[in-house]
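Throughout, numbering of the chain's residues begins at 1 and tracks the sequence.
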Amino acid sequence: MKTTVHALLGLLLLGCGPGDSDDDSPSSSRGCPGNANVEPASALELAAGAVTQGFICPIGNQHWFRIQVPPGQPVLTVELRNDTPLSPVKLSYTLRAADGMTPVDQPPPPASGSGKQILHYAHCVPQPGTYYLQVQSFGNDAQDTRNPFTLSYRTAADPDPGEPHNNDPAGAIALGGAEQRGYIACKGDRDFYKITLGDGALLDISLSTAAPTPGLNLKYMVLDAQMGLVAEEAVQTGMMATALRTVRPTREAGTYFVVISDLGAGSNLQVPYVLRAATFAEPDVNERPTRNDSPEAATLLGSWTCGGGASFGRMAYLASRADNDWYRINLTGVGPACQAVIDVSVSWGTGGQAVRPQVSLIYPDAAVGMYPGTACVKDEDCRFLRQDCAGDDNRCEYLGNQCDRQARKCTGAAVCLPEKFCGVLQFAKQQTTAGPASVRTAQPLVGAATYYLRIRDFESKGYDPTTPYALAVRLSTDDREPNNFYSPYQVPDNSLVRNASFAMRNKIMLGETVTSRIGYERDQDFYVFDHPCPGADCTLSVTYSTSQPSRVYHTYQVEVDGRLVAGWPAPPAVRGTAPQVTNEVFGDGVHTCFYASRHNRGPFFLWVSDLLRGGPLWDQDTTYTFTIRKVQDGCSDLCRKAPYNCGQ
């Protein structure tokens, strides 16, 4: 009885027309047009260039088509599509061999989105003969009784003269400097080339097309002899002609493979690619015998004991893409008893326009006192440091000055240093303008035994194998540091220094002559003095000077009880080289007014910086000097006038 019922049900399904039912629910199979070609044995014969249609229904339905690939035409292009803006079915197909079972290629992914679907792919078949196309819904979880699919295919010769031999390393074509032309003719096509490089050589790769290649986003990979990935690069779109040119370093002498393919599953039979590859010697002597691309292989610049001054220099190249040049300085004695500053500059002179350099200062987050530091084994251990910052960047002073709000930890340099402590990225600065490449910064040193410098292109894209850069490093002491809150990326709120411990460390006396300098980028020097006439009014003066003309425009400001009460001199309209200031006086009671009011509680904060609170310039060779004095008790006549209102 069951057999009879099943047979009758099958006849009803075969007899249904597309207009017999509007029910597309998963439980219904009504409304399905004829579905006789549901297995290889019942496959429909489909000729090249012919177009056929069908419906994916009921759920789990398959359509099989038998096709023929003639000799000399191994490129089989299949197009499966529909013309509806909305269908519950995601079209999919599989190309199978003559046995009806073995897949010839991975099924292409379904079209993304919910609009009209077009699957258009080329496949390279291994030999002429019979093949099958199996069409179905991706996932076999939907049906569509209203909207048919359309299927067609064509065959063509492979225009690539290297095929089929160079589709694996064994058939790789040797690169001898001459250009090589080829095609990515089908989905998954890969063309292998090989080249022999000497010790320390660089590989110059050029991959281009003369016209756009829609549907084909060209990609190259550089592999070593063990098929390990050395480098790769791809264009994001084939809607423009390809023009990739890159110089890459290699790990060691030997044979390397250059593999050309598509970024995804695209192909193009009309536009050939052009590959050129050449090798030349690494011009940077610091990269030999071992490349200094890591902290372990950092080039030693020298050693310095705090107390005097020292300078180090190197000539080097960023000669290849993603080149990182690491340098190391050994330090002794830097700490509370000997404060110091490092000044680093990198310059390509009038060249290096393709490079946007970045210089980074990195030191190990070693154990200090009760702080255990951040130990590590690998770079992945160093995303965060052990310092808990509770979401406050200010708690990461000298530790990168950045707190991760979720982890509540200071962020590290994401590098495990040879000392087996995580690196602290104290500061990084890059060039932000076009033109000749150069970058310079100066920063205070912490009491670390080793400092690492990393020189690289900011985006790891730019390089210049013909123009060297000059690295200059200067180390010097700065006895009055730290007399501010260290925040190299922005000017901090000065409330960070309004506390009793800071005031005690940085207190000065009336009549005391203070000499210091703006020694590093965004340096601010804070000084604290008590109210000179508590409970009364008195007139003050400040005598100030510089040791020589400077690029720093030294600016002074005074604050008391959270309010700015004085500032001098006014900044220039256009910054130039600041002149030498000799025995200038502010608040002399004759020409300018500076006073302490009986209403002030104090203490007074005086700070010196470049061009108002933390400007970008510094000068380690020029000192400023100032002395604060009380001119008289009470208020001068000038200070009684608006807007000063002394005595009010």
Side-chain angles (χ1 to χ4, degrees), residues 175 177 179 195 197-208 220-222 230-236 242-253 256 258 274-295 297-301 312-328 343-362 428-441 452-473:
L175 294 169
E179 68 179 34
I195 187 170
L197 280 72
D199 190 27
L202 298 178
L203 180 60
D204 187 347
I205 298 176
S206 170
L207 180 62
S208 63
Y220 75 78
M221 293 188 298
V222 180
V230 177
E232 62 181 341
E233 186 176 7
V235 295
Q236 297 304 308
T242 297
L244 295 178
R245 169 78 187 281
T246 312
V247 174
R248 296 285 190 177
T250 52
R251 297 166 183 159
E252 57 188 13
Y256 289 81
V258 180
V274 178
L275 172 65
R276 297 181 181 89
T279 178
F280 63 95
E282 166 68 68
D284 191 344
V285 297
N286 302 291
E287 304 279 15
R288 299 191 292 267
T290 302
R291 295 189 63 84
N292 62 349
D293 292 346
S294 65
T299 300
L300 178 63
L301 292 176
F312 304 106
R314 289 274 175 162
M315 297 298 293
Y317 291 79
L318 292 182
S320 55
R321 181 165 182 168
D323 191 6
N324 284 264
D325 287 354
W326 284 81
Y327 300 91
R328 177 169 54 92
D343 188 316
V344 182
S345 68
V346 182
S347 175
W348 277 253
T350 59
Q353 277 83 355
V355 181
R356 289 293 168 265
Q358 180 190 65
V359 57
S360 301
L361 304 178
I362 301 172
K429 183 179 181 181
Q430 56 273 349
Q431 180 181 348
T432 57
T433 59
S438 66
V439 64
R440 181 185 178 189
T441 189
Y452 292 88
L453 308 181
R454 182 179 63 197
I455 312 299
R456 65 177 183 177
D457 178 79
F458 175 53
E459 296 183 327
S460 295
K461 293 181 179 179
Y463 57 92
D464 190 333
T466 60
T467 306
Y469 67 81
L471 169 63
V473 179

Any residue meeting salt bridge (charged side-chain N to carboxylate O under 4.0 Å, His left out) with Glu232, in chain and number order, not counting sequence neighbours:
Lys219
Holding to side-chain contact (heavy atoms from CB on, under 4.5 Å), I want the full list of residues that pass it with Asp293, two or more places apart in sequence or in another chain.
Glu287, Arg291, Asp323, Asp325
Once you round to the nearest 0.5 Å, how far does CZ of Arg356 lie from OG of Ser438?
9.5 Å
Can you name the salt bridge (charged side-chain N to carboxylate O under 4.0 Å, His left out) partners of Asp464, sequence neighbours left out?
none
Minimum side-chain heavy-atom gap Tyr463-Asp457 below 4.5 Å:
no
Classify the ring geometry of Trp326 against Tyr452: parallel below 30°, tilted from 30° to 60°, perpendicular beyond 60°.
perpendicular
Atom pair OG/CZ of Ser360 and Arg454 - distance to nearest 0.5 Å:
4.0 Å
On a heavy-atom basis, the closest approach of Gln358 and Ala428 is NE2-CB, 4.0 Å
Once you round to the nearest 0.5 Å, how far does CZ of Arg245 lie from OG of Ser208?
11.0 Å
Residue pair Met315 / Asn286: nearest heavy atoms and the distance that separates them:
O-ND2, 3.2 Å
Does the side chain of Arg321 reach to within under 4.5 Å of the side chain of Glu233, using non-hydrogen atoms?
yes
As a test of understanding, state which of Val222, Ile195, Leu244 forms a side chain to side chain contact (heavy atoms under 4.5 Å, CB included) with Ile205.
Val222
Quick one, Leu275 and Leu175 - any side-chain contact, counting heavy atoms below 4.5 Å?
yes
In this structure, CD of Glu282 is separated from CG of Leu202 (nearest 0.5 Å) by 4.5 Å
Please report the interatomic distance OG1(Thr279) to OH(Tyr256), rounded to the nearest 0.5 Å.
10.0 Å
Set of residues satisfying side-chain contact (heavy atoms from CB on, under 4.5 Å) with respect to Gln353, sequence neighbours excluded
Pro436
Would you please name every residue forming a side-chain hydrogen bond (donor to acceptor under 3.5 Å, both in side chains) with Asn292, sequence neighbours left out?
Thr299
Using 0.5 Å steps for rounding, measure from the OH atom of Tyr469 to the CG atom of Asp284.
6.0 Å
Just wondering, do Leu203 and Leu197 contact through their side chains at under 4.5 Å, heavy atoms?
yes
Taking the side chain as everything from C-beta on, heavy atoms only, tell me whether Thr246 gets closer than 4.5 Å to Ser320.
no
Stepwise side-chain contact (heavy atoms from CB on, under 4.5 Å) check, Leu207 with Arg276
CA-CA 7 Å; Leu207 180 62; Arg276 297 181 181 89; over 6 Å; no
Test side-chain contact (heavy atoms from CB on, under 4.5 Å) on Leu471 and Val344 and set out the steps.
CA-CA 7 Å; Leu471 169 63; Val344 182; 3.8 Å; yes
Is there side-chain contact between Phe458 and Thr432, with heavy atoms separated by less than 4.5 Å?
no
Using side-chain heavy atoms (C-beta onward) and a distance below 4.5 Å, is Arg328 in contact with Leu301?
no
Would you check if the side chain of Lys461 reaches a backbone N or O of Ala322 as a donor-acceptor pair within less than 3.5 Å?
no
Evaluate the side-chain proximity of Val473 to Leu453: yes if any heavy-atom separation is below 4.5 Å, no if none is.
yes
Worked check of salt bridge (charged side-chain N to carboxylate O under 4.0 Å, His left out) between Arg248 and Asp204:
CA-CA 6 Å; Arg248 296 285 190 177; Asp204 187 347; over 6 Å; no
Under the rule for salt bridge (charged side-chain N to carboxylate O under 4.0 Å, His left out), what residues qualify as partners of Arg288, not counting sequence neighbours?
none
Taking every heavy atom of Pro283 against every heavy atom of Pro465, the minimum-distance pair comes out as CG-O, 3.7 Å
